[in-house]
2 protein chains.
Amino acid sequence: MVKKTGQPAYLQIADDLRKQVHGGSLAPGSLLPSTAQLAEQYDASLSVVKMAVGILRNEGLLIGQQGKGVFVQDQEPSESEQLPAMDLVSEVMELRTAVQDLSERLARVESTLSERSDR
Amino acid sequence: MVKKTGQPAYLQIADDLRKQVHGGSLAPGSLLPSTAQLAEQYDASLSVVKMAVGILRNEGLLIGQQGKGVFVQDQEPSESEQLPAMDLVSEVMELRTAVQDLSERLARVESTLSERSDR
DNA sequence: GTGAACAACATAGTTAACCTAGTTGGCATA
DNA sequence: TATGCCAACTAGGTTAACTATGTTGTTCAC
């Protein structure tokens, strides 16, 4: 699968995966093949696949969950990353609402947990 | 040099170098120590240093020239606007990753809870 | 039926080794 | 002096192996 162009294999794989995500071939939230499967699919070693996934993980395009797999980040169409220097004020406001949301959800989870432990 | 925080070594080194560049300790156009020197300096293996440099290279912050060395990209003070205060920017970035992490963990907890209540 | 124990599989991080290729400086030879 | 060769150093790419840790499914004992 990896062509013998000048580009290194890990970049070729990263580009290919990126295209699949942007092209819709890999839907947001969907699970990627495992590292070993990708390695076989691209006829590459485990290491280069891990490097490719690492790049996209660093870009925020993919998220890896230890023990489960690598998923396509679904809230991608938002800004956050593309804009080089997005203004800090709105960023902080988003973070504040995100923290509030997390706080409420966590409170719910905690209450359900305490109810179950009570009985 | 690499502290035993939860963060992996290659990210610690990348962050440190990023701060040195943004803080002016590493001037644009200047030459970084060689990979081997950095490895010794951070008391890390060659591989993690190469990973750290690779990240910053991918970000466009550094440029590597085979046979010569790794240099700080100089045309970085680009358009957009004055970065207000680099400490705030990195602070916000850290908060964003922290919120993402919390969000993922909470989503996992919530999903397991809903699954159990379904059965 | 429940729960503990275990095996299999997953990502993640780290290390070491090897190869390729570009740069530089020294040195011997023409 | 000028040319060519060579050693040393550089980044970059690739591979393999190991450890750590999390998830999932099965099996077995209670």
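Naming: A, B, ... by sequence-line order, numbering from 1 per chain. Quick caveat, the model's predicted, so the values are computed rather than measured.
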Protein-nucleotide distance ([X], atom [atom1]; [N], atom [atom2]), rounded to Å:
X     : N      : atom1 : atom2 : result
B/L46 : C/dC19 : CG    : C1'   : 15 Å
A/L32 : C/dT11 : CG    : P     : 9 Å
A/Q65 : D/dT24 : CD    : P     : 9 Å
A/L56 : C/dA12 : CG    : C1'   : 16 Å
A/L31 : D/dG22 : CG    : P     : 19 Å
B/I13 : C/dT14 : CD1   : C1'   : 11 Å
B/I63 : D/dG12 : CD1   : P     : 10 Å
A/Y42 : D/dT14 : OH    : P     : 15 Å

Checklist entry - With a 4.0 Å cut-off on heavy atoms, is B/S47 in touch with a base, just the backbone sugar-phosphate, or nothing at all? => result base
Next on the checklist: Using a 4.0 Å heavy-atom cut-off, does B/T35 contact any base of the nucleic acid, only the sugar-phosphate backbone, or nothing at all?
Outcome noted: sugar-phosphate
Checklist entry - Do A/I55 and A/M51 have side-chain heavy atoms sitting under 4.5 Å apart? => result no
Checklist entry - Does a side-chain heavy-atom distance below 4.5 Å link A/V72 with A/L62? => result yes
Next on the checklist: At under 4.0 Å between heavy atoms, how does the protein contact nucleotides 20-25 of chain C? Give one character per nucleotide, 5' to 3', with B, S or -.
Outcome noted: BBBSS-
[X] has a side chain; which of [options] sits nearest to it?
X     : options                : value
A/A9  : C/dA12, D/dT14, C/dT15 : D/dT14
A/V70 : C/dA12, C/dG13, D/dG13 : C/dA12
A/P8  : C/dA10, D/dA11, D/dT14 : D/dT14

Next on the checklist: Check this for me: A/E40, atom CD, are more than 12 non-hydrogen atoms of other residues, nucleotides or ligands nearer than 6.0 Å?
Outcome noted: no
Checklist outcome for this item: In short, salt bridge (charged side-chain N to carboxylate O under 4.0 Å, His left out) pairs touching residues 60-73 of chain B with sequence neighbours left out are none
Checklist entry - Which heavy atom in B/L31 sits nearest to a heavy atom in B/V70, and how many Å separate them? => result CD1-O, 3.4 Å
Checklist entry - Looking only at heavy atoms, what is the nearest atom pair of A/A52 and A/A14, with distance? => result CB-N, 3.8 Å
Checklist entry - For D/dA11, does OP1 or OP2 lie under 4.0 Å from any side-chain N or O of B/R57? => result no
Next on the checklist: With a 4.0 Å cutoff (strictly under), does any side-chain N or O of A/Y10 reach OP1 or OP2 of D/dT14?
Outcome noted: no
Next on the checklist: Assess whether a salt bridge exists between A/K19 and A/D16, defined as any Lys/Arg side-chain N lying under 4.0 Å from an Asp/Glu carboxylate O.
Outcome noted: no
Item to check | Nearest-nucleotide 5' precedence on DNA chain D, B/A36 against A/M51 | outcome: B/A36
